[in-house]
Amino acid sequence: MTQHAAYNETGTSLGPSAHVRGRDATSGRGTFVEFLGLTLVAAAFVLFVIRPEVFEMLVYTLATSTAGLVH
């Protein structure tokens, strides 16, 4: 999953903001959003493997609607 940066910068006046209390690099909601995104990508991949004609229909619909906007 997401890698968190946890290194110390030496020789600088400001430390990394991830080590400051209340300034987490990722919030608790970020984990849920990442899980939701991975779930949607996995579902799209499964749909593409099982029913490839759905993507052909999607491409055809997008192409015809774009062509309709051009004219």
Side-chain angles (χ1 to χ4, degrees):
M1 293 291 172
T2 304
Q3 299 294 323
H4 299 282
Y7 60 90
N8 294 326
E9 296 177 1
T10 57
T12 60
S13 60
L14 297 174
S17 63
H19 294 290
V20 177
R21 177 167 292 206
R23 302 240 358 226
D24 192 11
T26 60
S27 64
R29 196 183 92 154
T31 305
F32 175 71
V33 172
E34 182 179 3
F35 173 73
L36 183 63
L38 287 173
T39 304
L40 290 174
V41 168
F45 179 73
V46 168
L47 184 63
F48 177 72
V49 169
I50 293 174
R51 307 273 311 233
E53 64 271 5
V54 171
F55 285 98
E56 292 173 6
M57 186 178 8
L58 178 66
V59 168
Y60 176 77
T61 304
L62 288 174
T64 55
S65 64
T66 304
L69 292 174
V70 170
H71 290 344

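Numbering of residues begins at 1 and proceeds along the displayed sequence. These values consider heavy atoms only, across backbone and side chains, with no hydrogens, waters or symmetry-generated copies. What you see is a predicted model; the values in this text were computed from it and never measured.
Among residues at least two apart or in separate chains, there is no salt bridge (charged side-chain N to carboxylate O under 4.0 Å, His left out) pair with a member in residues 40-49. Here side-chain hydrogen bond (donor to acceptor under 3.5 Å, both in side chains) pairs that include residues 42-52, with residues two or more places apart or in two chains, are R51-E53.
Atom CG of L36 is separated from atom OG1 of T31 by 12.5 Å, given to the nearest 0.5 angstrom.
By the 6.0 Å contact criterion, CZ on F48 is open, its count of non-hydrogen atoms from other residues, nucleotides or ligands being 12 or less.
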Please tabulate, one pair per line, all N/O donor-acceptor pairs under 3.5 Å involving side-chain atoms of residues 37-45, not counting sequence neighbours.
residue : atom : partner : partner atom : Å
T39     : OG1  : F35     : O            : 2.8

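The hydrophobic cluster containing V59, built from Ile/Leu/Val/Met/Phe/Trp/Tyr side-chain heavy atoms closer than 4.5 Å, comprises no other residue.
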List the steps and the verdict of side-chain contact (heavy atoms from CB on, under 4.5 Å) for L58 and V54.
-> CA-CA 6 Å; L58 178 66; V54 171; 5.7 Å; no
